[in-house]
A.B. asks: 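This is the structure I want to talk about, given as structure tokens.
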Amino acid sequence: MSRTILKIACASLIASAAIAAHHAAGATDAAPASPQKKPYTVKDGKVDINTYHGYLYYGDQCMRCHGPDGAGSSYAPNLTESLKVMTKEQVENTIINGRKHVDSSNEKVMPAFGTNEDVVENMDNIYNYLLARSDGALGRGHPEHLDP
Amino acid sequence: MNSKKSVLAMSACMLAGSAVLGSAPSLANEELSKLSKDPSQWVMPLGNYSSQRYSELTQINTKTAKSLHPVWTFSTGVLRGHEGGPLVIGDMMYVSTPFPNTVFALSLKDAGKIAWKYEPKQDANVIPVMCCDTVNRGVSYTPDNGGMIFLHQADTSLVALDAKTGKVVWNIKDGDPGKGETGTSAPLVVKDKVLIGISGGEFGMRGRLTAYNIKDGSKAWIAYSEGTDSELKFDPQKTTVMGQPVGADSSLKTWKGDQYKNGGGATWGWISYDPSLNMIYYGSGNPGTWNPTQRPGDNKWSMTVFARDADTGEAKWVYQMTPHDQWDYDGINEMILADVPVHGKSTKALVHFDRNGFAYVLDRVNGKLLEAEKYDPAVNWASKIDMASGRPVLVDQFGPGAQGADHNTKNVCPAALGSKDEQPASYSPKNHMFFVPTNHVCMDYEPFKVSYTAGQPYVGATLSMYPPQGQNNLGNFIAYDVNQGKIAWSDPETFSVWSGALATAGDVVAYGTLDGNLKVVDQKTGKLLYKFKTPSGIIGNINTYTYGGKQYLAVLSGVGGWAGIGMAAGLSEDNAGLGAVGAYKQLSNYTQLGGVLTVFGLSN
């Protein structure tokens, strides 16, 4: 599992390197967007209102497993690390369909949120919040938001 | 709703029923009561019916504690957070694990050789509907049928096992994980029944306590935390609050419409029993959702101490500690029954260190409030408890509901974890002192609107946590004196103290720390006498017993639970200049997962 993620990550890194070097037009669906195109805004530690909603719904739905601020817990992975290697599609797939890792020494289940309105409606926001955390653009704790 | 007549008829039947039972006390109950008085065994999750977690044993004492050392260990093979603790009956120790909820019978004759093992098959889909990790707080024992062990599984199955062989005697299902109902609490055996609560307060379930007949697992009675008087098993005239009748519809009146049906009030904590009054005591948890503006009213009877008749389940008295909760201060912590001086007057007391940071002392006969003081000076959401009404005097600045939805209320103490969570305190009848493992954590809390979907979280708030301003210890282990309503001493701890304490007649008290140390301290001063770093963080409860004439301490380590989730990665940024102290310390730098039982003994 982790190996395929790594592979995809490497592929996208290579792809983005390629974009940077050659402004290749065909590779626009590669995950890491160029800095100006970040889907979130962080100014003086304040975030745009959508990212702020991402923070709220992360706290509501994900924190009980992934710990405060996406930082990981004794139960579930540190998402600020995961987002460095996962594409948006992979993250969304994981959120919608969940994931099971249950064997003789693991009892890890990531629930499927596909029927959870609050999560589905805020999936972009949650992703943007986690990405801001993962990029190091946003620190820990409760952020303030910019005027909507 | 029921007509008055049918309610009356029903309660008449219940009275008749209880008269019959009352006249023929079960032999098993007397046997179990007797066993619980034998300090060489540990036959109930909290040591005895009074939930005192106290032992008369004296070999391990202030002089000898320094020669303690591990004598044998046992890996449970499960990684998740290990709450609860082992039972010891005769020459057998019984240990249960988090999901998959394996039960081991370990032979004390052979330093923990496995006599039998029971591993239930459960649908793994229950895992993600458990609020915070997959904990289990221990099994219970009854001498019936030559000895049976009761396991309360994650999927809410209650299983009776033959204590000698581990064979299933009966197996029933109490709730529906599809609706977010799960099992984490330890059962309690009272007479011919076994009682269990239910978890799922974050999933819009409705809390209840259920009594099953030991004989065959059939349901004896069920009592809800919210609902109609008959669902609550309330008699509007006879059930009292603060010494007055509760009156009709005491719960329904405090909810908007039928919100009470998803009202929470889970009963995931501990149950105590007073045989002389024939009353059981337990608490209910948070109302759903965590967004207070979405559920106007007092939301009774969430956040409540219940005193019920042990045979019929009928409520004798109730007391709601946190009406209209705005902070997730579940009222489920253990109810310690102690005959203790309160303001100099000998009292049949119920002492309860609530999540909300107040230590409540109630008259356990009639439920009257005698004392309510802060047991962590950081507590700020209420200035005090008004003794006439029993209600907290709120400080609006720290009320997320008062501030309204979509507003971030800052610096609220304690955090949602409470000044103490499920980790049970200990009481020494020798010096009337309470020894309390506490959290010292504050929070920002922002509630917002959420919708209810069966089996999905029903939370509606986000929070961030940190230590009280200017401090960096996230926990304290304290001695508390209810006679004066004061902290006697307080030992700061780097992390929350999330382990059940054990006081003994040897004048020592033992507890575990999240970074994995078993500590033994002097009851008088809190001075450290012994410590040992176990393989993982301790969120389990310590017990003691003798075998072959020697006293032992036993504890499960295995970090996890809410504590492991909140603190694994530290609570806040390791900012430049602040360095690796206090909240900036990551628990994951100290300890890793893994369930291990460690048994300590003395050198000869």
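In the text below, chain A, chain B and the rest are named by the order of the sequence lines, each starting its count at 1.
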A.B. asks: For chain A, which of B:T591, B:V78, B:V450, B:L587 has the most heavy-atom pairs under 4.5 Å?
C.D. replies: B:V450

A.B. asks: For B:N408 and A:H142, which I'm curious about, is there any donor-acceptor pair between the side chains at under 3.5 Å?
C.D. replies: yes

A.B. asks: Just checking, any donor-acceptor pair under 3.5 angstrom between side chains of B:E446 and A:Y55?
C.D. replies: no

A.B. asks: At a 4.5 Å cut-off on heavy atoms, which part of A:A76 comes close to chain B: side chain, backbone, both, or neither?
C.D. replies: neither

A.B. asks: At a heavy-atom separation under 4.5 Å, does B:S451 approach chain A through its side chain, its backbone, both, or neither?
C.D. replies: both

A.B. asks: Side chain, backbone, both or neither: which part of B:F99 has a non-hydrogen atom closer than 4.5 Å to chain A?
C.D. replies: both

A.B. asks: Kindly give the heavy-atom pair with the smallest separation between A:Q61 and B:P457, and that separation in Å.
C.D. replies: OE1-CG, 3.3 Å

A.B. asks: Check each atom of B:L463 against the heavy atoms of chain A and say whether the ones under 4.5 Å are side chain, backbone, both or neither.
C.D. replies: both

A.B. asks: What heavy-atom pair brings A:Y75 and B:D133 nearest, and what distance separates the two atoms?
C.D. replies: CD1-OD1, 3.6 Å

A.B. asks: Quick one: of A:T115, A:V119, A:V109, A:N78, who has the most non-hydrogen atom pairs under 4.5 Å with chain B?
C.D. replies: A:V109

A.B. asks: Is a donor on one side and an acceptor on the other found under 3.5 Å between the side chain of A:R64 and the backbone of B:W562?
C.D. replies: no

A.B. asks: Between A:G141 and B:S464, what is the shortest heavy-atom contact and its length?
C.D. replies: CA-CB, 4.4 Å

A.B. asks: As an exercise: rank A:G59, A:S74, A:S73 by heavy-atom pairs under 4.5 Å with chain B and give me the winner.
C.D. replies: A:S74

A.B. asks: Let me confirm one number: the NE2-CD1 distance from A:H101 to B:I127, rounded to the nearest 0.5 Å.
C.D. replies: 11.5 Å

A.B. asks: Could you report the tightest heavy-atom contact between A:K100 and B:A124, atom names first, then the distance?
C.D. replies: CE-CB, 4.3 Å

A.B. asks: Any Lys/Arg nitrogen of A:E117 or B:K449 sitting under 4.0 Å from an Asp/Glu carboxylate oxygen of the other?
C.D. replies: no

A.B. asks: Does A:D60 reach the main-chain N or O of B:T462 with its side chain, forming a donor-acceptor pair under 3.5 Å?
C.D. replies: no

A.B. asks: Specify the closest pair of heavy atoms between B:P128 and A:P111, including all atoms of both residues, with the distance to one decimal.
C.D. replies: CB-CB, 3.4 Å

A.B. asks: Are any non-hydrogen side-chain atoms of B:Q456 and A:F113 less than 4.5 angstrom apart?
C.D. replies: yes

